Trainee: 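Starting off with a structure, shown below.
Both backbone and side-chain heavy atoms feed into the values below; hydrogens, waters and symmetry mates do not. Computed from a predicted structure; not experimentally measured.
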Amino acid sequence: MPPPPGMPVALVTGAGRGIGAGVALALSQEGYAVALTARSREQLEETAAACPGPTLVLPADMTSPGAVEELLDSIEEQWAGPEVVVANAGAGVSASVEKTTDEQWQQMLDLSTSPRRSGCCAAPSRR
């Protein structure tokens with residue numbers, strides 16, 4: 001269901017738990033329609049159930065090429081482009097430094113610092 005006309009739209013990555021879920025709930029309580037994304041549909045459904053306003057549950061892996069564009073396409077098709085993007089997705093490796101591969105380090109860095117992967121440079125409404 002689309003949000004009422006004039007209701008601002010926000011996208012929260014990493015919205016399945018922790019800080020991301022808390023931010024999504026706060027935005028919903030403040031009058032935003034919130035698009036929720038994380039890898040776990042089950043966790044996103046829990047976050048959506050806690051939000052008093054409209055939500056979209058959009059499972060995605062932000063480390064996948066094209067994930068940001070696909071998310072924005074989906075939000076724009078169902079609602080409107082987000083005015084706010086909260087880039088909260090993160091990943092970590094449970095290994096000692098000497099056992100962490102260069103690929104694992106790069107994936108963590110890309111997700112945390114790449115504007116493309118985080119969605120920061122893609123909204124509001126793709127500028």
Trainee: Which residues satisfy the side chain to side chain donor-acceptor pair (under 3.5 Å) test with Glu30, sequence neighbours excluded?
Mentor: none
Trainee: Under the salt bridge (Lys or Arg N to Asp or Glu O under 4.0 Å) rule, what pairs show up with a residue in residues 41-57, not counting sequence neighbours?
Mentor: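 Residue pairs with at least one partner in residues 41-57: Arg41-Glu45.
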Trainee: Please name the pair of heavy atoms, one in Ser28 and one in Val34, separated by the smallest distance, quoted to 0.1 Å.
Mentor: N-CG2, 3.8 Å
Trainee: Over all heavy atoms of both residues, which pair between Trp79 and Val9 is shortest? Give the atoms and the distance, please.
Mentor: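 That closest heavy-atom pairing would be CE3-CG1, 3.8 Å.
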Trainee: How many angstroms lie between atom CD of Glu77 and atom CG of Asp73, to the nearest 0.5 angstrom?
Mentor: 6.0 Å
Trainee: Can you see which heavy atom on Ala38 is nearest to which on Gly16, and at what distance?
Mentor: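 Between these two residues, the closest heavy atoms are CB-N, 3.8 Å.
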Trainee: Within a strict 4.5 Å, meaning less than it, do heavy atoms of the Leu71 and Met62 side chains meet?
Mentor: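 In contact.
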Trainee: Have Glu103 and Thr101 got a donor and an acceptor in their side chains that come within less than 3.5 Å?
Mentor: no
Trainee: Under the 3.5 angstrom rule, does the side chain of Thr37 hit a backbone N or O of Pro59 as a donor-acceptor pair?
Mentor: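 The answer is no, because no donor-acceptor pair under 3.5 Å joins these two groups.
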Trainee: Show me the donor-acceptor pairs within less than 3.5 Å that the side chains of residues 47-54 make with the rest of the protein, sequence neighbours left out.
Mentor:
from  : atom 1 : to    : atom 2 : distance (Å)
Thr47 : OG1    : Ala15 : O      : 2.8
Thr47 : OG1    : Gln43 : O      : 3.3

Trainee: If you take all heavy atoms of Leu36 and Ala24, which pair is closest and at what distance?
Mentor: CD2-CB, 3.4 Å
Trainee: If you measure from OH on Tyr32 to CG on Leu11, what distance do you get to the nearest 0.5 Å?
Mentor: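 Output value for this atom pair is 13.0 Å.
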Trainee: Once you round to the nearest 0.5 Å, how far does OG1 of Thr55 lie from CG of Leu27?
Mentor: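 Here the rounded value is 12.5 Å.
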Trainee: Looking at every heavy atom in both Leu58 and Gln78, which two are closest together, and how far apart are they?
Mentor: CD2-NE2, 4.1 Å
Trainee: Let me check something: do Val85 and Leu56 share a hydrophobic cluster, defined by ILVMFWY side-chain heavy atoms less than 4.5 Å apart, either directly or through other members?
Mentor: yes
Trainee: Determine whether Val57 and Val12 fall in the same hydrophobic cluster, where Ile, Leu, Val, Met, Phe, Trp and Tyr are linked whenever their side-chain heavy atoms lie under 4.5 Å apart.
Mentor: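 Same cluster.
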Trainee: Hydrophobic cluster membership, with links at side-chain heavy-atom distances under 4.5 Å among I/L/V/M/F/W/Y: are Ile19 and Leu44 in one?
Mentor: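 Ile19 and Leu44: one cluster.
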